[in-house]
2 protein chains.
Amino acid sequence: MTKDDKLTEEKIFDAATEIFEEKGLAATRMQDIADRAGINKALLHYYFRSKDKLFNAVFDKLAEKIFAKFASIFEEDMPFEDKIRFFFTEHIKFLQKNPKLPMFIIGEVNRSPELLSKFLDRININRIKEKISGDLGDDISPDVIPHLMVSIISLSVFPVAAKPIISGILDSAGIDYDSFMEERIKVAPEFVINAIKQQQVESQNKRK
Amino acid sequence: MTKDDKLTEEKIFDAATEIFEEKGLAATRMQDIADRAGINKALLHYYFRSKDKLFNAVFDKLAEKIFAKFASIFEEDMPFEDKIRFFFTEHIKFLQKNPKLPMFIIGEVNRSPELLSKFLDRININRIKEKISGDLGDDISPDVIPHLMVSIISLSVFPVAAKPIISGILDSAGIDYDSFMEERIKVAPEFVINAIKQQQVESQNKRK
DNA sequence: GTCTATAGAAGGATAGAC
DNA sequence: GTCTATCCTTCTATAGAC
């Protein structure tokens with residue numbers, strides 16, 4: 001494979017990534033990808049054979065991207081409250097740079113759930129669960145740890161995934177979406193930390 | 001319009017609703033709608049002229065449906081903590097009955113943001129903001145009320161919108177999705193209530 | 001109002017020249 | 001490796017018989 005091959009293949013792959021991420025598989029046209037890549041439609045098939053194969057290559061790459069950060073963050077060696085703050089900072093900043101990514105992944109997995117297998121093995125939920133459980137001590141029941149995890153993800157992903165709607169509603173109240181998300185980097189972790197603290201307080205009161 | 005007209009038009013509309021909600025505009029085929037309605041493809045055009053017009057009729061109906069409950073819940077006359085509990089109970093139960101609805105709305109609005117105008121006027125965020133502000137008193141800054149609202153919506157909608165992914169991840173940890181969501185009706189409101197309580201405690205400590 | 005048949009457009013994929 | 005031209009399937013939409 002010569003250097004030029006590589007360049008063309010990359011141009012196609014990058015263009016496909018942008019358009020698939022934006023529109024999803026069903027609404028994407030091979031012609032649009034060719035146009036954005038600045039090459040001919042036939043070349044798409046020369047390099048990737050079919051629309052499906054090109055899509056799968058793109059999906060793999062993007063699934064890799066979105067789950068790369070996840071697991072590692074809670075492995076860090078720092079106080080739990082700082083982990084929460086660190087997570088929201090890193091995660092929201094990442095999502096701001098890749099605002100279309102969550103909806104793309106959720107939408108396509110929704111359409112064909114077999115795509116799940118492509119990244120499920122990347123996530124060891126029990127490992128994370130134990131980590132958090134160890135951090136939080138006996139005042140938090142292990143049964144609510146999965147809820148805590150889902151809550152944290154919901155709080156950081158949803159406002160980005162539903163950006164057009166949230167943005168529209170905020171706008172109607174005179175609030176700028178971007179400023180709102182900047183605030184959120186601070187507000188969201190404190191929300192979570194407060195909920196956990198209060199839970200611990202109540203749990204200790206009961207024991208007395 | 002005779003009685004039979006009405007029946008056929010409804011059959012088409014209902015079939016279209018199911019399929020659009022499931023697959024979205026781009027992936028939906030008129031033939032699939034005709035098949036599910038048990039009638040001929042030509043009839044779709046007889047009653048709704050074009051795919052786009054049929055889609056818009058369906059979208060209007062579904063947008064109406066998902067936002068109907070929203071505003072009213074916080075108008076209820078009860079203690080704030082009960083409002084939170086009431087909201088999650090009602091909202092999660094509603095979403096369990098309509099699991100495809102959030103992704104449909106978010107996905108289609110994402111694709112063409114002009115759809116937003118169809119329901120934005122239904123939501124008076126400042127009205128809700130004032131209600132909540134009144135309920136919470138001075139210990140919660142008015143600036144964080146929008147964050148609180150977005151957090152509440154995130155916590156209830158996201159786990160349903162991302163059902164295939166959440167379900168898959170939970171499954172790999174031996175947790176059943178439906179049981180998880182039943183728990184969530186109780187866990188999520190307590191999470192929010194705890195966060196607010198702790199916030200109020202800290203705010204009062206500062207003042208002393 | 002409902003059907004069959006078909007027009008007409010769009011999109012994925014391939015053949016073949018260079 | 002890249003292009004033009006074209007095939008073939010799929011899909012929306014309409015014409016016209018009943």
Side-chain angles (χ1 to χ4, degrees), chain A residues 1-62 104 107-108 110-112 114-115, chain B residues 1-62 104 107-108 110-112 114-115:
Chain A
M1 199 180 271
T2 75
K3 203 176 177 184
D4 267 1
D5 285 356
K6 191 73 191 236
L7 277 176
T8 301
E9 195 172 339
E10 265 176 23
K11 267 193 293 184
I12 293 172
F13 188 84
D14 292 347
T17 300
E18 286 178 40
I19 297 184
F20 277 131
E21 199 181 340
E22 162 103 21
K23 303 204 199 186
L25 173 63
T28 292
R29 303 289 157 244
M30 294 295 264
Q31 187 62 58
D32 294 342
I33 296 175
D35 290 349
R36 176 148 332 177
I39 48 94
N40 192 277
K41 209 173 51 158
L43 270 182
L44 302 185
H45 292 93
Y46 176 80
Y47 281 102
F48 292 93
R49 289 193 57 85
S50 74
K51 187 186 177 186
D52 263 9
K53 287 199 169 54
L54 177 53
F55 173 81
N56 277 308
V58 168
F59 184 89
D60 285 351
K61 184 78 171 296
L62 291 181
F104 170 74
E108 297 303 325
N110 198 34
R111 180 184 53 77
S112 46
E114 65 273 16
L115 289 171
Chain B
M1 200 181 269
T2 75
K3 202 176 176 184
D4 268 3
D5 284 356
K6 190 74 191 233
L7 277 175
T8 301
E9 195 172 340
E10 264 177 24
K11 269 193 291 185
I12 292 172
F13 188 84
D14 292 347
T17 300
E18 287 178 39
I19 298 185
F20 277 131
E21 197 180 342
E22 162 103 22
K23 303 202 196 187
L25 173 63
T28 292
R29 301 290 155 245
M30 294 295 263
Q31 187 62 58
D32 294 341
I33 296 175
D35 290 349
R36 176 149 330 178
I39 50 93
N40 191 277
K41 212 174 45 161
L43 271 183
L44 302 186
H45 292 94
Y46 175 80
Y47 281 101
F48 292 91
R49 287 193 56 86
S50 74
K51 186 186 177 185
D52 263 8
K53 286 200 169 53
L54 177 52
F55 172 81
N56 277 309
V58 168
F59 184 89
D60 284 351
K61 183 78 170 297
L62 291 180
F104 170 74
E108 297 302 326
N110 197 34
R111 180 185 53 78
S112 46
E114 66 274 15
L115 290 172

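Labels below follow one simple rule: chain letters A, B, ... track the order of the sequence lines, proteins then strands, and each chain is numbered from 1.
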d(CG, Asn40(A); P, dA17(C)) in whole Å: 17 Å
Leu43(B) CG - dT12(D) P separation (whole Å): 16 Å
dT14(D) phosphate, OP1 or OP2, under 4.0 Å from Tyr46(B) side-chain N/O: no
Side chain of Tyr47(B) (C-beta onward), nearest among dT2(D), dT2(C), dT4(C): dT2(C)
Ile19(B) CD1 - dC11(D) P separation (whole Å): 13 Å
Contact under 4.0 Å: Thr8(B) side-chain N or O vs dT2(C) OP1/OP2: yes
Whether Ser112(A) side chain and Leu115(A) backbone form a donor-acceptor pair below 3.5 Å: no
Expected output: side-chain Glu108(B) to main-chain Leu25(B) donor-acceptor under 3.5 Å: yes
Atom pair distance, as rounded to whole Å: CD1 in Ile12(B) and P in dC3(C): 9 Å
Exam field: side chain Glu9(A) to backbone Tyr47(A), donor-acceptor pair closer than 3.5 Å: no
Backbone of Thr28(B) reached by a side-chain donor or acceptor of Lys51(B) within 3.5 Å: yes
Upstream residue (5' side of DNA chain C) when Thr28(A) and Ala42(B) are each assigned their closest nucleotide: Ala42(B)
N/O donor-acceptor pair, side chain Lys41(A) with base dG12(C), under 3.5 angstrom: yes
Nearest atoms (heavy-atom pairs only) where Ile12(B) meets Leu43(B): CD1-O, 3.9 Å
Shortest side-chain distance from Arg29(B), nucleotide among dC11(D), dA13(D), dA13(C): dC11(D)
His45(B) side chain near dA13(D) phosphate (N/O to OP1/OP2, under 4.0 Å): yes
Interatomic distance, Arg49(B) CZ vs dT14(D) P [rounded to whole Å]: 6 Å
Whole-Å gap separating P (dA10(C)) and CG (Asp32(A)): 13 Å
Minimum-distance nucleotide to Lys51(B) side chain [options: dT12(D), dT2(D), dG12(C)]: dT12(D)
d(CZ, Phe48(A); P, dT2(D)) in whole Å: 12 Å
Interatomic distance, Ile33(A) CD1 vs dA13(C) P [rounded to whole Å]: 11 Å
